[in-house]
There are 2 protein chains.
Amino acid sequence: MNLRFSIHLNDKLALRDPEATELGRKIVRQGLILMHQLGYEHFTFKKLAEAIETKEASIYRYFENKHRLLLYLLTWHWNLMEYAVLLAINNTEDTRLKIKKVVGLLCHSIPEGIEDVGLDKKALRDLATSESNKVYLIKEVDEINKVQLFKPYKDLCHRIAELFSAYAPQYPYPRSLASTVLEASRFQPYFLEHLPSLTDFTQNSAPDGLLHFLETLVFSTLDATIKSEF
Amino acid sequence: MNLRFSIHLNDKLALRDPEATELGRKIVRQGLILMHQLGYEHFTFKKLAEAIETKEASIYRYFENKHRLLLYLLTWHWNLMEYAVLLAINNTEDTRLKIKKVVGLLCHSIPEGIEDVGLDKKALRDLATSESNKVYLIKEVDEINKVQLFKPYKDLCHRIAELFSAYAPQYPYPRSLASTVLEASRFQPYFLEHLPSLTDFTQNSAPDGLLHFLETLVFSTLDATIKSEF
DNA sequence: ACCGTGCGATAGTATTACTATCGAACACAA
DNA sequence: TTGTGTTCGATAGTAATACTATCGCACGGT
């Protein structure tokens, strides 16, 4: 990933580049807000069109359907996260500290000043929390994967897995641990808000509780591997 | 949970008891097969009606909508899992062994002869793998939770969390660990099949690889707590 | 003055997700 | 046997969703 990651979006994401026009930018920015407000299921292009005072058909010129818009928004989120991860670990020597910083990024909101893409970062994170599974838990997953549309998510996962491998080279499941931690960092806050008995946190203790939970999980697992020599 | 758990389904799940009539049983049994085949999004009551040679309106007499049918099916799955968990730990003394057995249950398919409910257990598990998030990752989550419809899932999670607490009383996040392991036991096989680079398994190594991954995760975390006295 | 692009405007279609009503068939009870 | 209730088939209809297609104007650049 390079510094201007914004220009390397997969061209299958959108029918035309939404960042190139005023309407395109409105679709993406307001689409994020509205999809988060209504939830993916209740979100429609018609409602978005009314919100930004345009027509449904105009939105379809940019995105094939709402699933692609969601994927577009999540791609931004994953790219931003990977960028934040790279920034955090580039000026750090100690691998253990790198991992700590990355887990911190997963638990807290994206630090300000990372790169202003004009998207509401909190909304982006919230959207990822509640809707991101819906981009791949569908029958079309293999087709979409074939044209590389999940690459940003995988890249993020691989970056984290690399750190785990660097810290504990003998550990045999770095990628599974990375994807598990990534998923847990979204699920646990969602559970806390809606199904709190599935967690041990309280509204006050989170996100520090979550941070501690994930750090303990990761380091216990990796350290055990180091000690036992597997 | 008692032995005849089948009779204690929440009455808000269905408009009338589908086990009481021939049509109701067909809706549930064929609904499971068809929803798994088509995926939740492409599944409709109209298609199910054609498959079982009845009318759409007749299905609506049993379930408000397809979301409730999914919830009904998953409730069976969770109840079955909890029952299997209870069976597995009741004739075991050692807490560590209990946990091992339960993790085994999460990774492998439900043992035969547990109780024939007439539902295809493999299909039920596959449905849970790919669709179960969709029952709670929606705007209506709080309403549904209010009428206790997620209780079976929570109960299962709590059973597992209790074991963790029994094994490592000082560990502060037994429920979060349980929900994380529960989710991971579904996500990892799904990733293996569709987005394999998010895992470290191969089609051959799974599900033993998954079992080892989760066991290591759980015991490393709990054992670390015991040693460090937190 | 010409040309392409973006977009508004309108229209139309198939499918989805329901809701309502009616009447035949049957089951059981008086 | 007659009444009563329940199930289910059959039909109809509605509002919303998820698109697709076409036309023509306004604009910015060449």
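Letters go in sequence order (proteins before strands), and every chain restarts at 1.
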Given [options], identify the nucleotide with an atom nearest to the side chain of [X].
X: B:Arg16; options: C:dC7, D:dC8, D:dT17; answer: D:dC8
X: B:Ala57; options: C:dT21, C:dA9, C:dA20; answer: C:dA20
X: B:Lys55; options: D:dT11, D:dC23, C:dA17; answer: D:dT11
X: B:Thr44; options: C:dA17, D:dA21, D:dC19; answer: C:dA17
X: B:Lys47; options: C:dT16, C:dA20, D:dC23; answer: C:dT16

According to the interplanar angle, ranging from 0 to 90°, do the rings of [X] and [Y] count as parallel (below 30°), tilted (30 to 60°) or perpendicular (above 60°)?
X: B:Phe213; Y: A:Tyr173; result: perpendicular
X: A:His67; Y: A:Tyr40; result: perpendicular
X: A:Phe45; Y: A:Phe43; result: perpendicular

Report yes if at least one side-chain N or O of [X] is closer than 4.0 Å to OP1 or OP2 of [N]; otherwise report no.
X: B:Tyr60; N: C:dA20; answer: no
X: B:Thr54; N: D:dG9; answer: yes
X: A:Lys66; N: D:dT17; answer: no
X: B:Ser58; N: D:dC8; answer: no
X: A:Tyr62; N: C:dC7; answer: yes

Figure out the [atom1]/[atom2] separation between [X] and [N], and round it to whole Å.
X: B:Arg68; N: C:dA17; atom1: CZ; atom2: C1'; result: 15 Å
X: B:Met35; N: C:dT16; atom1: CE; atom2: C1'; result: 15 Å
X: B:Leu15; N: D:dC8; atom1: CG; atom2: P; result: 13 Å
X: A:Lys46; N: C:dT10; atom1: NZ; atom2: P; result: 12 Å
X: B:His67; N: C:dT16; atom1: NE2; atom2: C1'; result: 17 Å
X: A:Glu41; N: D:dA16; atom1: CD; atom2: P; result: 19 Å
X: B:Glu56; N: C:dA20; atom1: CD; atom2: P; result: 15 Å
X: A:Arg61; N: C:dT5; atom1: CZ; atom2: C1'; result: 10 Å

*Does anything in residues 19-27 of chain B reach DNA chain D, meaning a heavy atom under 4.0 Å, and if so which residues?*
B:Thr21, B:Leu23
*Is the distance between the ring centroids of B:Tyr72 and B:Tyr62 under 6.0 Å?*
no
*Take A:Glu82 and A:His158 through the side chain to side chain donor-acceptor pair (under 3.5 Å) test and state the conclusion after the steps.*
CA-CA 10 Å; A:Glu82 192 191 351; A:His158 295 167; over 6 Å; no
*Might you work through the salt bridge (charged side-chain N to carboxylate O under 4.0 Å, His left out) test for A:Arg29 and A:Glu19, ending with a clear yes or no?*
CA-CA 10 Å; A:Arg29 278 153 192 66; A:Glu19 290 302 316; 3.3 Å; yes
*Taking the side chain from A:Ser205 and the backbone from A:Phe201, do they hold a donor-acceptor pair closer than 3.5 Å?*
no
_Are A:Leu23 and A:Ser58 packed together at the side-chain level, in the sense that at least one heavy-atom pair is separated by less than 4.5 angstrom?_
yes
